[in-house]
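All remarks here apply to the structure that follows.
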Amino acid sequence: MPRKPAAVPVTPEAVAVPPDFGMRVVRWQRTHGRHDLPWQNTRDPYRIWLSEIMLQQTQVAAVIEYFQRFVAALPTVAALAAAPADQVMALWAGLGYYSRARNLHRCAKAVMDDHGGVFPTDPEVLVTLPGIGRSTAAAIAAFSAGVRSPILDGNVKRVFARVFGIHGYPGERAIETRMWTLAGQALPPAGPDQAKDMVAYTQGLMDLGATICSRGKPACLADAANCPLSADCVARRDNLTAVLPTPKPRAAIPERSTVMLIVRHGRDVLVRLRPGSGIWGGLWSLPEIALDAVPFDAEAAEDAALEAVRPFGEPARAYLAGELTHVFTHFRLLIRAIRVDLTAAAPRLDADSRWLSLDDLDALGTPAPVRRLLEDQARIGLF
DNA sequence: AAGCCGGGGGT
DNA sequence: ACCCCAGGCTT
């Protein structure tokens with residue numbers, strides 16, 4: 001039986017979480033984690049909640065100043081609930097995602113009206129409040145009361161994708177569901193120290209993701225001892241830190257089209273130097289012609305090509321010789337090539353044009369698709 | 001499941 | 001210029 005080739009990396013269905021995963025993160029946090037952020041070293045649910053909302057999709061460095069200003073102006077949930085909306089929005093201005101501020105205000109009022117002014121510590125209750133989702137609810141519960149409930153934010157997704165070798169965009173439902181399962185299995189054990197462990201663990205996952213298991217250059221590459229999980233990390237073992245986590249799939253990119261001319265005389269082809277800026281800036285490429293006709297009309301293109309090559313020589317014929325699509329970061333380019341064979345070539349060319357022998361293709365900088373086009377022409381014996 | 005919200009930092 | 005960030009809500 002022929003075996004199926006495994007071309008694409010496949011993540012095993014069942015991923016084992018090392019039994020001491022949680023406590024390794026706890027110990028690392030206590031010795032190497034962050035301990036002096038303005039919302040740490042407190043069990044005040046108000047400050048913890050406020051910081052978690054501010055930190056949604058917003059980096060720590062940007063939040064600190066806003067947090068200080070906010071708690072100075074509105075030090076309690078009661079003060080926030082009683083404040084005018086204008087003041088709340090003014091304190092938030094510049095942080096972005098302003099629905100967070102509106103929900104914050106609504107949430108403060110709900111805590112006052114529906115919970116006697118006391119913040120809930122049960123994640124299942126917290127998650128019913130405006131602006132508090134599953135992960136934020138767990139973070140508030142863990143920091144304010146040591147509740148054993150997992151978070152799953154951007155940091156955790158990155159750490160998990162790498163440690164467990166999970167391929168696939170973490171925003172995708174199936175991937176996220178598996179990560180929630182892992183998050184529940186990775187918690188430090190329940191027991192007498194659970195509350196303090198959960199504070200360190202929850203903070204530790206965030207600290208790991210922010211300071212060690214960063215997106216660009218994870219610190220484990222410099223020294224594996226920097227990360228308490230490096231011994232079990234699939235991405236580090238398989239050199240996949242640059243690939244995991246799988247990035248968000250790009251939005252559909254637009255397609256453009258162009259018509260290039262393969263103007264041949266003997267073994268020479270006409271090439272033109274592109275402007276220094278823009279696509280293929282400074283490379284020698286094939287001359288292009290602009291066509292108004294949509295959809296593409298081969299005969300019109302051939303006629304336009306015959307007209308366009310007049311300064312360069314005497315054309316014998318012109319015909320559509322090939323098509324290919326080239327993908328850029330931000331668009332796809334459909335290239336149609338019109339071939340024009342010359343019976344005689346002009347003696348002089350301007351500075352931006354020259355004849356290039358196919359034998360000298362390596363000597364000039366040529367866009368990859370142009371090179372492919374010319375090599376294809378040569379391969380089928382047309383040069 | 002996909003779109004929306006947003007200013008700011010890192011590369 | 002692009003990606004991502006201690007996500008959640010709406011359609």
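Chain letters run A, B, ... following the sequence lines, proteins first, then strands; residues in each count from 1.
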Output the single nucleotide from C/dC5, C/dC3, C/dG7 whose closest atom is nearest the side chain of A/Gln59. C/dC5

Output one line per pair: protein atom, nucleotide atom from nucleotides 2-5 of chain B, and distance, for all N/O pairs under 3.5 Å.
residue: B/dC5; atom: N3; partner: A/Tyr97; partner atom: OH; Å: 3.0

Are any of A/Thr136's side-chain N or O atoms less than 4.0 Å away from OP1 or OP2 of C/dG8? yes

Stems where DNA chain B pairs, listed by first number, each of three or more Watson-Crick or G-U pairs under 3.5 Å: B:1-5 with C:7-11, B:7-11 with C:1-5

Let me check something: any side-chain donor-acceptor pairs from residues 224-233 of chain A under 3.5 Å, sequence neighbours excluded? List them with distances.
residue: A/Asn226; atom: ND2; partner: A/Ala219; partner atom: O; Å: 3.0
residue: A/Asn226; atom: ND2; partner: A/Asp223; partner atom: O; Å: 3.3
residue: A/Ser230; atom: OG; partner: A/Ala224; partner atom: O; Å: 2.8
residue: A/Ser230; atom: OG; partner: A/Cys227; partner atom: O; Å: 3.1
residue: A/Asp232; atom: OD2; partner: A/Arg24; partner atom: NH1; Å: 2.9
residue: A/Asp232; atom: OD2; partner: A/Arg24; partner atom: NH2; Å: 2.6

Under 4.0 Å, heavy atom to any atom of DNA chain C: which of residues 26-36 of chain A qualify? A/Arg34

Below the 4.0 Å mark, does C/dC5 have OP1 or OP2 next to a side-chain nitrogen or oxygen of A/Arg158? yes

With a 4.5 Å cut-off on side-chain heavy-atom distances among I, L, V, M, F, W and Y, is there a chain of contacts connecting A/Ile64 to A/Ile53? yes

Which comes earlier along DNA chain B counting from the 5' end, the contact point of A/Gly94 or that of A/Arg173, where each point is its nearest nucleotide? A/Arg173

Residues in contact with DNA chain B, drawn from residues 37-58 of chain A - heavy-atom cutoff 4.0 Å: A/Gln57, A/Thr58

Table of protein N/O atoms under 3.5 Å from nucleotides 9-11 of chain C N/O atoms:
residue: C/dC9; atom: OP1; partner: A/Gly131; partner atom: N; Å: 2.9

Any ion pair linking A/Glu65 and A/Arg69 (charged N to carboxylate O, less than 4.0 Å)? no

